[in-house]
Amino acid sequence: MNSLSTHILDISSGKPAQGVTVNLLLDEQTVASGVTDANGRIGALSSSLMPGHYRLVAQTGEWFAQRGVATLFPCAQIDFVITQTAEEHFHLPFLIAPGGWSTYRGS
C-alpha cells in the first residue's frame, strides 16, 4: 500500500508549525485527519492510499490567527494523484508564511 506523511514549516519564523490541523480528502471526502506535533510533523497520516485524486489541506489560517498573525489564505492545499497501488511513500510538506505557501515532494 501507498503511505503519506507531511510536515509544516513556518518560513517566516524558521520554526515548525505545531498544532496545525491537516485533512486528507479523496474525491472531496475526508479519509484521514491529524494535527502536527512539536516538530511540525504528522508521520503517518495514512498508510493505505489507493489510486485516486487526493487533496491534502492544512488549516493554516486558523493556526496564524491563534498567533495574532493576519493571512489572506485560510488554508494551504496540495492536490495529487496516485495512479497505481505500488508500495510507495509520499512525503508532502508545506512551507508556509502569512503571505503564501509552497510545497515539494519530499522523501
Side-chain angles (χ1 to χ4, degrees):
M1 287 288 159
N2 295 305
S3 61
L4 174 69
S5 62
T6 190
H7 75 269
I8 303 176
L9 176 65
D10 175 5
I11 59 173
S12 65
S13 69
K15 296 181 180 179
Q18 178 182 8
V20 178
T21 300
V22 179
N23 298 305
L24 177 64
L25 291 77
L26 171 61
D27 297 325
E28 301 301 324
Q29 294 187 353
T30 301
V31 295
S33 293
V35 177
T36 56
D37 66 14
N39 294 316
R41 296 184 177 276
I42 301 175
L45 189 58
S46 180
S47 60
S48 59
L49 299 176
M50 302 303 292
H53 181 184
Y54 291 87
R55 177 171 292 150
L56 189 61
V57 182
Q59 300 302 325
T60 56
E62 293 173 9
W63 186 82
F64 279 120
Q66 291 169 355
R67 282 145 188 80
V69 177
T71 179
L72 176 64
F73 306 103
C75 65
Q77 63 186 36
I78 303 167
D79 287 281
F80 64 102
V81 176
I82 296 178
T83 58
Q84 55 188 348
T85 56
E87 291 275 333
E88 191 168 2
H89 179 71
F90 295 88
H91 182 68
L92 303 176
F94 293 90
L95 301 174
I96 64 169
W101 59 272
S102 67
T103 188
Y104 59 94
R105 181 165 182 187
S107 57

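Computed from a predicted structure; not experimentally measured.
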Is it the case that one hydrophobic cluster holds both [X] and [Y], taking links as side-chain heavy atoms less than 4.5 Å apart, direct or via other members?
X    : Y   : value
I42  : F90 : yes
Y104 : L9  : yes
V69  : F94 : yes

Measure the shortest side-chain to side-chain distance between [X] and [Y] over non-hydrogen atoms and say whether it is less than 4.5 angstrom.
X   : Y    : value
L24 : L49  : yes
L45 : L56  : yes
T71 : I96  : no
H91 : S107 : no
I8  : W63  : no
F80 : L92  : yes
R41 : S5   : no

Which pair of non-hydrogen atoms, one from W101 and one from C75, has the smallest distance, and what is that distance?
NE1-O, 4.0 Å

To check you understand the geometry: which heavy-atom pair defines the closest contact between A70 and P98, and what is its length?
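Closest pair (atom of A70, atom of P98, distance): O-CB, 3.5 Å.
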
For residues 10-18, tabulate all N or O donor-acceptor pairs below 3.5 Å that involve a side-chain atom, not counting sequence neighbours.
{"unit_1": "D10", "atom_1": "OD1", "unit_2": "S12", "atom_2": "N", "d": "3.0"}
{"unit_1": "D10", "atom_1": "OD1", "unit_2": "S12", "atom_2": "OG", "d": "2.5"}
{"unit_1": "D10", "atom_1": "OD2", "unit_2": "S12", "atom_2": "OG", "d": "3.3"}
{"unit_1": "D10", "atom_1": "OD2", "unit_2": "S13", "atom_2": "OG", "d": "3.3"}
{"unit_1": "S13", "atom_1": "OG", "unit_2": "D10", "atom_2": "O", "d": "3.4"}
{"unit_1": "S13", "atom_1": "OG", "unit_2": "K15", "atom_2": "N", "d": "3.3"}

What's the spacing between R105 CZ and I78 CD1 if we round to 0.5 Å?
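The CZ atom of R105 sits 11.5 Å away from the CD1 atom of I78.
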
Hey, does the side chain of T21 reach the backbone of Q59 with a donor-acceptor pair shorter than 3.5 angstrom?
no

Pairs under 3.5 angstrom only: tabulate donor-acceptor contacts from the side chains of residues 26-33 to other protein residues two or more places apart or in another chain.
{"unit_1": "E28", "atom_1": "OE1", "unit_2": "R55", "atom_2": "NH1", "d": "3.4"}
{"unit_1": "E28", "atom_1": "OE2", "unit_2": "R55", "atom_2": "NH1", "d": "3.1"}
{"unit_1": "S33", "atom_1": "OG", "unit_2": "N23", "atom_2": "OD1", "d": "2.6"}

